[in-house]
Amino acid sequence: MIDSVDQGFDLGCLPTHRTKVCESIPITTRKQRLLTLKKANYNLFQIASRDVTVDLLTDSGTAAMSAAQWGALIQGDEAYAGSRSFEQFQNTVQTLTGFEHVIPTHQGRAAERLLCSLLLKPGQYVLANHHFDTTRANVEMTGAIAMDLPCSEYQKDDPSAPFKGNIDLELLEQFLSQHAPSNIGFVLLTITDNSAGGQPVSLQNALEVSRLAKEHGVPLYLDAARFAENAWFSKKYDPSLARRSLTEIALSFFSLADGCLMSAKKNGLANIGGFLAIRDQEITDKLRELCTLWEGFPTYGGLAGRDLAAIAVGLEECIEEGILRGRIAQVHRLGNALVSHGFPVQTPFGGHAVFIDAARALPHLEPKDFPGHALACAFYLEGGIRTVEVGSLMLGRGIPDTPDFVPAEREWLRLAVPARVYGNDWCDYTALVGRNLLQNRSQIPPYRLIRSPERLRHFTATLAPEFRNVLPDVNECRVKGTPFVR
Ligand SMILES: Cc1ncc(COP(=O)(O)O)c(C=O)c1O
């Protein structure tokens, strides 16, 4: 633990790691980026990483592993069944979550597929604060219906409310009272709530959700991809938890649920992996059958033994107070810099990303113009910075200008910070690029969908800018004063 008292300043804001292995950061010209963007059909998922200077697309699988994790990789036991690495993985997950049964999967969405395929029937509901996009798709693949019930503080963007990931308890109770338990597959709490800005769920909210679910005979699962950040915020914002350790707080959340699914690519600090951790033996047996069919024998579940070993170490590290403090301080540094340049940003900041309110940042664009995506393309074009829209392109339905079009609740641009990867200078650079974009915002054009798949369209859709109410050809019109990167 860092002792900041004698130093006279807050050491907690400094990075918690030093560099042991380094990787060059690609520098490109604006002309190259323009060509790259056009070739990618204005879809940032289609751009090669060699063309990206600061990659804030996701914190998923992009963390820098520690020396201890790399060491564990070498120790990995590659036995098909019952490897040492599985035992290490299982012990760690059992200790962290309190759940007895552990099933590894190759990543979070595989855990979603197993759980949804087993528990859901067509027409049933899954009730969540928010479903992540792959979770929603996995629910819908079974014919079930994914319902998001976010709390009103999230909807109203209330900066004084620190737990915007909470589920709306009134709506949940109403829904549970109006439907027979057999019509509801399960309740899902996503901690932290990625789609709502990486916002935490309070322990109080989770307790109430658990009480309601039990009262109505419906199982409760946690999507625990960022459980450690959720524990951090719970300790910070809930005075009753101030003296409890992060591990204890995390355990309190898990103790309320029937099981959890987790992508280990986020707080697990691993580049691949996930798992299900379950209380009930019978459900576990059935899940293990599906795992064998789709993922592999249940003691490796789609992962190499070395991956299991590295995830086990990552899971131990991620809940360490010092590591979390450094991580969250960096996200908040980026958020504060963007706010100081005038960006409308969700506050308090979440744990893994800064969410810019693109609808307010670009008031000349409507939801059907995909303002979050427009801003994402502008960040790339002007600064080589890759971010992701979490708005009507990712979460909306139907094609704009048709009766089927349903915009998303919010038009966010998410700047996700990979753990332990970039120096703070790159956060400052990103904010400076943003400042110049904001000063020239009227030049940022709307975007039109050219081709769109039915599900998870943001990954593969093709788009194009439309130069309506903006300068004749914005592509030729450089946003002035972009720093550092030519
Ligand atoms: C909250 C949440 N759940 C599930 C997933 C899916 O995990 P994976 O990418 O490992 O399939 C993600 C990925 O970003 C997520 O953020």
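Keep in mind the model is a prediction, meaning the values are calculated, not measured. Residue indices begin at 1 and follow the sequence shown. Atoms within each ligand, like the ligands themselves, are counted from 1 in listed order. Just so it is clear, the values below take in all heavy atoms, side chains as well, and ignore hydrogens, waters and symmetry mates.
At least one N or O atom of Arg109, backbone or side chain, sits closer than 3.5 Å to an N or O atom of ligand 1. Below 3.5 Å of separation, one finds no N or O of Thr135 facing any N or O of ligand 1.
The protein heavy atom nearest to atom 7 (O) of ligand 1 is Lys266 NZ, 3.1 Å. From the protein, the heavy atom lying nearest to atom 8 (P) of ligand 1 is Gln107 NE2, 3.3 Å. Closest to atom 5 (C) of ligand 1 among all protein heavy atoms lies Phe132 CD2, 3.4 Å. Among all protein heavy atoms, the one lying closest to atom 6 (C) of ligand 1 is Thr134 OG1, 3.5 Å. Ranking the protein heavy atoms by distance from atom 4 (C) of ligand 1 puts Glu112 OE2, 3.2 Å first.
Thr16 contributes atom OG1, which lies 9.5 Å from atom CZ of Arg325 (distance to the nearest 0.5 angstrom).
Neither side chain, Asn41 nor Gln46, offers a donor N or O lying under 3.5 Å from an acceptor on the other.
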- Task: Quick one: do Phe175 and Tyr125 satisfy ring-ring contact (aromatic ring centres under 6.0 Å, His included)? Show the steps, please.
- Result: CA-CA 10 Å; Phe175 205 96; Tyr125 291 94; 4.9 Å; yes

- Message: Before you tell me yes or no, could you show the steps for Gln88 and Gln75 under side chain to side chain donor-acceptor pair (under 3.5 Å), namely the whole-Å CA-CA distance, both residues' side-chain angles and the distance that decides it to 0.1 Å?
- Response: CA-CA 11 Å; Gln88 184 188 359; Gln75 306 271 336; over 6 Å; no

- Starting from the C-alpha separation in whole Å, work towards a yes-or-no answer on side chain to side chain donor-acceptor pair (under 3.5 Å) for Asp285 and Gln281. CA-CA 6 Å; Asp285 291 344; Gln281 179 73 60; 2.9 Å; yes

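Below 4.0 Å from some heavy atom of Ser263 lie the following atoms of ligand 1, by number and element: 7 (O), 8 (P), 10 (O). Contact atoms of ligand 1 toward Gly108: 7 (O), 8 (P), 10 (O), 11 (O) (distance under 4.0 Å to a heavy atom of the residue). Close approach to Lys265 involves these atoms of ligand 1, each under 4.0 Å from a residue heavy atom: 10 (O). In summary, the atoms of ligand 1 found under 4.0 Å from a heavy atom of Arg226, numbered by their order in the structure, are 1 (C), 15 (C), 16 (O). Here is the list of ligand 1 atoms found below 4.0 Å of a heavy atom in Thr190: 1 (C).
Counting only distance, with no hydrogens or angles, the side chain of Asn230 and the backbone of Arg226 share no donor-acceptor pair below 3.5 Å.
Remark: Glu170 CD is loosely packed, at most 12 non-hydrogen atoms of other residues, nucleotides or ligands lying under 6.0 Å away. Residue-environment remark: CD1 (Ile74) stays at or below the threshold of 12 foreign heavy atoms within 6.0 Å.
Closest to atom 2 (C) of ligand 1 by heavy atom, among Asp223, Asn194, Asp193, is Asp223.
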